[in-house]
*Asks:* 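Sharing a structure below in structure tokens format, with a few things to ask.
Residue numbering restarts at 1 for every chain, and letters A, B, ... go by the order of the sequence lines.
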Amino acid sequence: MAENETRPTNFIRNIIDKDLAEGKHPSTHTRFPPEPNGYLHIGHAKSICLNFGLAQDYQGKCNLRFDDTNPEKEDIDYVHSIQEDVKWLGFEWDGEVCYSSNYFDQLYLYAVELIKAGKAYVCFLNAEQTREYRGTLKEPGKNSPTRDTSIEENLALFEKMKNGEMQEGECCLRAKVDMTSSFMCMRDPILYRIRFVHHHQTADKWCIYPMYDFTHCISDAIEGITHSLCTLEFQDNRRIYDWILDNISLEVRPHQYEFSRLNLEYTVMSKRKLNDLVTQKHVNGWDDPRMPTIAGLRRRGYTAAALREFCLRIGVTKMENMIEMGMLEACIRDDLNANSARAMAVLDPIKVIIENYPEGQVEELMVSNHPQDESFGKRMVPFTREILIEAEDFRESGNKKYKRLVIDKSVRLRGAYVITAKRFKQDEKGNVTTVYCTYDPNTLGKNPEDGTKPKGVIHWVSASEGKPATVNMYDRLFTVPNPAAEDDFTQVLNAESLIEMKSAVVEPSLAELDAGKAVQFERLGYFCPDLSSTPDDLVFNRTVTLRDTWDHA
RNA sequence: UGGGAUAUCGCCAAGCGGUAAGGCAGCGGGUUUUGAUCUCGCCAUUCCCAGGUUCAAAUCCUGGUAUCCCAGCCA
């Protein structure tokens with residue numbers, strides 16, 4: 001296998017190791033099989049990293065296959081966005097993109113094969129009757145009246161279905177398995193239904209479309225998939241997966257293995273709920289930075305590397321799980337701490353006037369772009385008599401815990417001088433508007449000569465040289481860890497999931513950062529310019545805050 | 001007595017009969033011109049419960065308990 005012994009193992013790797021050791025397959029072939037009916041989310045990322053990751057580590061292959069058997073719900077736009085997201089995540093599928101619809105001809109032939117073997121029949125029960133005949137979880141179902149129609153007649157009937165001579169819903173093709181099975185999916189599952197709808201890949205060639213259970217196993221076999229990985233809710237379906245392959249003339253035998261899907265605290269993962277959030281305008285589209293979609297996370301500033309690391313850290317098992325947000329945040333912090341430049345921005349500014357600093361003077365201070373990594377270089381930051389600091393970084397009087405600016409006390413301006421607060425001005429509402437300070441000219445790059453050392457360091461931006469900006473402060477979308485468990489998940493939306501800071505001011509160097517390029521606003525967190533940001537109208541998104549461990553009480 | 005799965009630290013997760021890895025979180029110390037980073041240390045005599053087998057059990061057996069999934073012509 002691989003050189004990196006610290007790579008976490010999992011039960012699927014154990015299975016592959018065993019299969020390889022026994023010579024069951026010469027190599028490993030997986031697939032990622034999304035239905036093109038929505039945007040990919042972080043739960044899909046888990047599956048993508050698993051399937052493509054396995055292929056990479058075992059020098060095997062991984063296909064991208066659109067499971068497009070239900071044209072009513074699918075759309076070509078999704079097949080495009082899904083490909084983009086997979087590529088952005090850093091993976092490359094083997095060969096051409098595959099579609100289940102590529103195999104419609106073969107699928108039809110295998111269905112005929114089943115009919116000829118007396119193992120499939122055309123059923124004329126309507127949807128409601130089908131449900132009644134199916135029985136319940138505890139009671140067996142009963143056979144369809146047409147279950148024993150002759151092979152010849154079934155062949156003719158199925159032909160008519162294909163030729164559009166039957167009405168939608170009038171009849172369907174069913175496998176003849178066992179109406180008394182304790183696996184509901186084995187009670188003569190429907191193989192084909194009639195739908196007179198246009199398909200994004202096959203246009204109007206077909207009016208009968210195969211169902212998932214019939215399609216997936218055969219598609220896997222046709223593509224030579226060795227390990228077909230899916231989520232836990234398909235565990236029962238494995239019986240019909242195997243039954244189909246056992247009863248048609250296909251030599252290769254893929255095997256299905258199930259793992260638990262990802263659940264993340266304070267968000268929802270189902271396509272339906274995600275869709276509700278968008279259509280009910282609780283968020284601004286599928287790529288809203290608060291969405292757990294790949295597109296949303298990307299716009300939020302998450303990197304593909306951080307997402308891959310996250311998928312590695314959470315592991316793959318069959319246990320139901322609920323991952324803490326902290327796990328995801330730790331991944332992006334690790335990445336951005338090492339890979340993003342630092343800069344300064346003041347989100348909620350108050351003015352500081354340095355009374356003993358020359359009026360009109362603009363001093364360019366050279367500041368490191370990264371405290372540990374010199375390869376990030378240095379930049380010039382303008383310092384002036386009037387600067388802006390964060391409102392919460394000044395108090396008239398503090399306590400031993402408060403390490404910021406306080407009247408008659410000193411604080412270090414990051415990358416600049418030590419200043420001492422003398423007095424301040426408030427508006428009619430009592431809000432501090434201006435703090436008057438003095439600075440010690442001899443503290444650039446060194447401590448005051450009197451031997452004192454300010455205990456605090458605060459960030460700042462020149463009032464005259466800084467650039468105005470809007471900063472989107474994003475927070476968790478919901479107020480409870482598991483919104484999906486609520487009767488109405490929209491009732492627990494976090495009203496403060498987005499706070500727009502419209503009076504923010506950023507240092508000039510930030511004016512021409514590319515969209516999506518990460519930067520750390522010192523002491524505040526990691527940010528990136530939004531898609532909509534322009535040099536004249538700067539907009540930044542907060543990706544994640546800095547880790548915050550001090551006792552705020 | 002429908003069936004299928006799962007139970008190891010607050011959250012993830014290794015472990016596959018030889019005496020409980022690791023990550024995240026948390027807690028304490030050090031460094032620091034980011035209350036960040038980095039760094040050092042601590043953090044399950046115990047593996048859902050109860051019996052049993054064994055020199056030895058989280059791992060095997062028996063019986064319970066809890067949770068999740070299955071009755072779309074969705075995937």
*Asks:* Quick check: any donor-acceptor pair below 3.5 Å linking the side-chain of A:Arg174 to the base of B:C73?
*Replies:*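 It does not, because no donor-acceptor pair links the side chain of A:Arg174 to the base of B:C73 below 3.5 Å.
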
*Asks:* Can you check whether A:Tyr212 stacks with the B:A75 base, using ring centres under 5.5 Å and planes within 30°?
*Replies:*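 The base of B:A75 is not stacked with A:Tyr212 (the test needs centres under 5.5 Å and planes under 30°).
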
*Asks:* Base, sugar-phosphate alone, or nothing: which one does A:Arg414 contact when heavy atoms must sit under 4.0 Å apart?
*Replies:*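 It contacts base atoms.
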
*Asks:* Whole angstroms only, please: what is the CG-C1' distance between A:Asn337 and B:U37?
*Replies:*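 Atom-to-atom, A:Asn337 to B:U37, this comes out as 5 Å.
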
*Asks:* So, under a plain 3.5 Å distance rule, would you say the side chain of A:Glu139 forms a donor-acceptor pair with the base of B:G2?
*Replies:*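 Checked by distance alone, the answer is no.
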
*Asks:* Return the pairing partner of B:C68 with a 3.5 Å limit on both distances, Watson-Crick or G-U wobble; otherwise return none.
*Replies:*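 Result: B:G4.
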
*Asks:* Please tell me whether A:Thr443 and A:Asn447 have a donor and an acceptor in their side chains that are separated by less than 3.5 angstrom.
*Replies:*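 Their side chains do not contain a donor-acceptor pair, so the 3.5 Å distance test is not met.
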
*Asks:* If I take atom CG in residue A:Asn14 and atom P in nucleotide B:A14, what distance separates them, rounded to the nearest angstrom?
*Replies:*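 Going from A:Asn14 (CG) to B:A14 (P), I get 9 Å.
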
*Asks:* Would the base of B:G3 count as contacting A:Asp236 through its side chain, where contact means a donor and an acceptor less than 3.5 Å apart?
*Replies:*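 Under the 3.5 Å cut-off, the side chain and the base do form a donor-acceptor pair.
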
*Asks:* Can you find a donor-acceptor N/O pair under 3.5 angstrom joining the side chain of A:Arg412 to the base of B:U33?
*Replies:*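 Flag set: donor-acceptor pair detected.
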
*Asks:* Base of B:G35, side chain of A:Arg404 - is there a donor-acceptor contact under 3.5 Å?
*Replies:*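 Looking at the base of B:G35, it does pair with a donor or acceptor on the side chain of A:Arg404 (distance under 3.5 Å).
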
*Asks:* May I ask you to decide whether A:Arg542 forms a salt bridge with A:Asp475, counting only side-chain N to carboxylate O separations under 4.0 Å?
*Replies:*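 Here A:Arg542 does not pair with A:Asp475 in a salt bridge, since their nearest N and O are not under 4.0 Å apart.
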
*Asks:* More than 12 heavy atoms of other residues, nucleotides or ligands under 6.0 Å from CE of A:Met366: is that the case?
*Replies:*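 Atom CE in A:Met366 is not crowded, with 12 or fewer foreign heavy atoms closer than 6.0 Å.
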
*Asks:* Which one is paired to B:C16, where only Watson-Crick or G-U wobble pairs with both distances under 3.5 angstrom count?
*Replies:*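 Pairing partner: none.
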
*Asks:* Can a salt bridge be assigned to the pair A:Lys318 and A:Glu258 using a cut-off of 4.0 Å between side-chain N and carboxylate O?
*Replies:*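 Judged by the 4.0 Å cut-off on N to carboxylate O distance, A:Lys318 and A:Glu258 do form a salt bridge.
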
